[in-house]
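Just so it is clear, the structure is predicted and the values come from calculations on it, not from any experiment.
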Amino acid sequence: MFKKRMNRITPGQMIILSFATMIFIGACLLMLPFSTNDGRGTPFLDALFTSTSASCVTGLIMHDTSQYWSPFGQLVILTLIQIGGMGVITMAIILFVLGGKKIGFKQRYFMQQSISAPKLGGIIRNTKWILKATLCVEALGAILLGIRFLPRFGLVKGIWYSIFHSISAFCNAGFDLMGAQQAYSSLTSYSSDILVSNVIAALIVLGGLGFFVWKDVVQYKRHLHKYSLQSKVVLFTTATLLIISTLYFYINDFSHWNMSLANQINVSIFQAVSPRTAGFNTIDLNKMNQSSILFMTLLMLIGGSPQGTAGGFKTTTLAVLILSIRAVFNHKQNPQCFGRRISMDTLNNATALFMLFMVLFFTGALLISAFDQLPILDALFEAASAIGTVGLTLGITPTLSSASHCILIFLMFFGRVGGLTLLLAISKHQVIANANLPQENITIG
């Protein structure tokens, strides 16, 4: 009976079940007495919130990671981040491959849906490439961060801090261990450190671009015309958002702060990167203008790109919606981009995902504002951080009521798996009569 039910399970159900199982196991481990520094264990809701935040690579926390969790608890959190960033099914299949097990068609199909691969062929080879690339980038990030962390924290602690922050940044998780002296301080003590802030920012961007964009870049390098439409849209949209965000934060906020020009630019760049969807901050967010907070909320909702470690409704969704607006003004039947038509199925999926994100985002924010009597902008920021799996906060997460924490848990879970399960199967190519341009689908969730 159990085997028959497992055979009938859909990829979407498998992804939801795998994340839910990982979150529950993580919560149970975090409840153990030796997971906390005081040896008293953690209440279930606190453990569930932390496990969800780590598994869904968000970064919202109820307790400072360094001060509250023991080395074992921190290891559990880091493991959840790594598995959650790469995908539970992907990690399970990798273990099967390393163990010499045969991978059947159904497992390959589940893996394809888990990493939003464009096709089933070569899925094992692509997954191995993703694993190798991930480990190499995270290792390089740890080595570079070690240049600063080893002299400051010593050999053992410095290595641990380097590995932890490299994985957390690449997986766009936003968990940090810098609260030993001041709780919830994130990377504020490194705001003027060009090395640390830029290594973290680079890891965030690389993790958020998507693994198959990497493959195009590595394979075709400067031959942009050979890139897939997906990669072109991701790279163009990402670069545009980063440039606009950096200029906005510099002009509207940091150019007025009492710091050197180099530091103002450095902070502006980092703050443009972080909402995409990492959760680190190098400055006190409460000191920023309200307009900047609102702009950051929008960036958190957009998030990163498909097939990567970031959340949000994705850069490709934004691009498709903007292109559809342009198509309406130009009286075109289909949106067009880089000489190709974007299918109506892709546009419909983008619209559905965007609307669903907006409904849950506003509903969650209104409920949090009502339950905790918070200003609506603070509630919107917190809800966007959760559903975008970002982890940035104005400092209110630990003080929220249990009801609001439950809302955030749901938003984090949906933000990590909801869009993927809603848009599991991107429709096949559709032939349009009298079409002069080739048509192509874009992964948007």
- Query: Can you find a heavy atom in the side chain of Cys171 that is under 4.5 Å from one in the side chain of Glu138?
  - Reply: yes

Could you give the side-chain donor-acceptor pairs of residues 363-375 under 3.5 Å, partners two or more places apart or in another chain?
{"unit_1": "Thr363", "atom_1": "OG1", "unit_2": "Val359", "atom_2": "O", "d": "2.7"}
{"unit_1": "Ser369", "atom_1": "OG", "unit_2": "Leu374", "atom_2": "O", "d": "2.8"}
{"unit_1": "Asp372", "atom_1": "OD1", "unit_2": "Ser401", "atom_2": "OG", "d": "3.1"}
{"unit_1": "Asp372", "atom_1": "OD1", "unit_2": "Ser404", "atom_2": "OG", "d": "2.3"}
{"unit_1": "Asp372", "atom_1": "OD2", "unit_2": "Ser401", "atom_2": "N", "d": "2.8"}
{"unit_1": "Gln373", "atom_1": "NE2", "unit_2": "Ala370", "atom_2": "O", "d": "2.9"}

- Message: Rounded to the nearest 0.5 Å, what separates atom CD1 in Ile159 from atom CG in Leu155?
- Response: 4.0 Å

- Query: When you measure from the side chain of Asn172 to the backbone N and O of Ile204, does any donor-acceptor pair fall under 3.5 Å?
  - Reply: yes

- Flag, side chain of Thr389 to backbone of Met412, donor-acceptor distance under 3.5 Å: no

- Message: Can you give me the closest heavy-atom contact between Phe357 and Ile387, atom names plus distance?
- Response: CE2-O, 3.5 Å

- Heavy atoms of Asn37 and Pro71 approach each other most closely as OD1-CD, 4.3 Å

- What distance separates Gln82 CD from Ser55 OG, expressed to the nearest 0.5 Å? 12.5 Å

- Message: Given 3.5 Å as the limit, does a donor-acceptor pair link the side chain of Thr277 with the main chain of Gly304, or not?
- Response: no

- Task: Examine the side chains of Ser228 and Asp216 and answer whether a donor and an acceptor come within less than 3.5 Å of each other.
- Result: yes

- Query: If you look only at pairs with a residue in residues 58-75, which of them pass as a salt bridge (charged side-chain N to carboxylate O under 4.0 Å, His left out), with sequence neighbours excluded?
  - Reply: none

- Heavy-atom check, side chain of Trp257 versus side chain of Val267, under 4.5 Å: no

- Message: Is it the case that atom CZ in Phe362 sees more than 12 heavy atoms from other parts of the structure closer than 6.0 Å?
- Response: no

- ring-ring contact (aromatic ring centres under 6.0 Å, His included) partners of Phe24, counting only residues at least two apart: none

Determine all donor-acceptor pairs shorter than 3.5 Å in which one atom belongs to a side chain in residues 234-246; sequence neighbours excluded.
{"unit_1": "Thr237", "atom_1": "OG1", "unit_2": "Val233", "atom_2": "O", "d": "2.7"}
{"unit_1": "Thr238", "atom_1": "OG1", "unit_2": "Val234", "atom_2": "O", "d": "2.7"}
{"unit_1": "Thr240", "atom_1": "OG1", "unit_2": "Phe236", "atom_2": "O", "d": "2.8"}
{"unit_1": "Ser245", "atom_1": "OG", "unit_2": "Leu241", "atom_2": "O", "d": "2.6"}
{"unit_1": "Thr246", "atom_1": "OG1", "unit_2": "Leu242", "atom_2": "O", "d": "2.7"}

- Item | Donor-acceptor pair, side chain of Ser162 and main chain of Gly146, under 3.5 angstrom | yes

- Task: Drop me the distance from Phe72's CZ to Ser35's OG, to the nearest 0.5 angstrom.
- Result: 5.0 Å

- Item | Smallest separation among heavy atoms of Thr65 and Ile77, with atom names | CG2-CD1, 4.2 Å

- Message: Once salt bridge (charged side-chain N to carboxylate O under 4.0 Å, His left out) is applied, what residue pairs with a partner in residues 76-86 remain, sequence neighbours excluded?
- Response: none

- Task: Check side-chain contact (heavy atoms from CB on, under 4.5 Å) between Ile322 and all other residues, then give those that pass, not counting sequence neighbours.
- Result: Leu318

- Relative to each other, are the rings of Phe249 and Phe295 parallel, tilted or perpendicular (30° and 60° limits)? perpendicular

- What's the shortest heavy-atom distance between Asn286 and Leu394, and which atoms? ND2-O, 3.1 Å

- Message: Could you walk me through whether Val137 and Leu203 satisfy the side-chain contact (heavy atoms from CB on, under 4.5 Å) test, starting with their C-alpha distance in whole Å, then the side-chain angles of each, then the deciding distance to 0.1 Å, before giving a yes or no?
- Response: CA-CA 8 Å; Val137 172; Leu203 288 169; 3.6 Å; yes

- Could you list the residues that satisfy side-chain contact (heavy atoms from CB on, under 4.5 Å) with Ile325, not counting sequence neighbours? Phe329

- Taking the side chain from Thr52 and the backbone from Leu48, do they hold a donor-acceptor pair closer than 3.5 Å? yes

- Message: Is the distance between the ring centroids of Tyr227 and Phe338 under 6.0 Å?
- Response: no

- Message: So does Leu321 get a backbone contact from the side chain of Ser324, meaning a donor-acceptor N/O pair under 3.5 Å?
- Response: yes

- Item | Thr399 (side chain) donor-acceptor with Ile396 (main chain) under 3.5 angstrom | yes

- Message: Could you check whether any side-chain heavy atom of Leu285 comes within less than 4.5 Å of a side-chain heavy atom of Met296, counting everything from C-beta outward?
- Response: yes

- Gln67 side-chain N/O to Gly179 backbone N/O, donor-acceptor pair under 3.5 Å: yes

- Task: Output yes when a side-chain donor or acceptor of Ser168 lies under 3.5 Å from a complementary backbone atom of Phe164, and no otherwise.
- Result: no

- Task: Go through the side-chain N and O atoms of Thr315 and Ser305 and say whether any donor and acceptor fall under 3.5 Å apart.
- Result: yes

- Item | Residue pairs involving residues 29-58 (criterion salt bridge (charged side-chain N to carboxylate O under 4.0 Å, His left out); sequence neighbours excluded) | none

- Plane angle bin for His63 and Tyr68 - parallel if under 30°, tilted between 30 and 60°, otherwise perpendicular: parallel

- Message: Is there a side-chain contact between Ser274 and Leu392 in this structure, where contact means two heavy atoms from C-beta onward sitting under 4.5 Å apart?
- Response: yes

- Any donor-acceptor pair under 3.5 Å from Trp214 side chain to Leu206 backbone: yes

- Message: Quick one, Asn263 and Phe254 - any side-chain contact, counting heavy atoms below 4.5 Å?
- Response: no

- Message: Is any side-chain heavy atom of Trp160 closer than 4.5 Å to one of Phe153?
- Response: no

- Note on the structure: Taken to the nearest 0.5 Å, the spacing of Phe19 CZ from Cys56 SG works out to 6.5 Å

- Taking only residues two or more places apart in sequence or in another chain, which ones pass side-chain contact (heavy atoms from CB on, under 4.5 Å) with Ile194? Asn198, Asn266

- Message: As an exercise, state the distance from CE of Met31 to CG of Leu45, rounded to the nearest 0.5 Å.
- Response: 10.5 Å

- Item | Considering all heavy atoms, the nearest Val390-Pro275 contact | CG2-O, 3.9 Å

- Message: In the structure I gave you, are the side-chain heavy atoms of Phe212 and Gln230 within less than 4.5 Å of one another anywhere?
- Response: no

- Of all heavy-atom pairs between Arg416 and Gly85, which one has the smallest distance, and what is that distance? NH2-O, 3.4 Å

- Message: Once salt bridge (charged side-chain N to carboxylate O under 4.0 Å, His left out) is applied, what residue pairs with a partner in residues 146-164 remain, sequence neighbours excluded?
- Response: Arg148-Asp193

- Given side chains that start at C-beta, do those of Phe313 and Leu356 come closer than 4.5 Å, heavy atoms only? no

- Query: So which pairs with a foot in residues 173-205 pass ring-ring contact (aromatic ring centres under 6.0 Å, His included), sequence neighbours left out?
  - Reply: Phe149-Tyr190

- CD-OG1 distance between Gln74 and Thr79, expressed to the nearest 0.5 angstrom: 11.5 Å

- Query: Do the ring planes of His165 and Tyr161 sit parallel (below 30°), tilted (30 to 60°) or perpendicular (above 60°)?
  - Reply: tilted

- Task: Check side-chain contact (heavy atoms from CB on, under 4.5 Å) between Asn289 and all other residues, then give those that pass, not counting sequence neighbours.
- Result: Asn252, Asp253, Ser291, Ser292

- Message: Looking only at side-chain N and O atoms, does Thr393 offer a donor or acceptor that is under 3.5 Å from a partner on Glu382?
- Response: yes

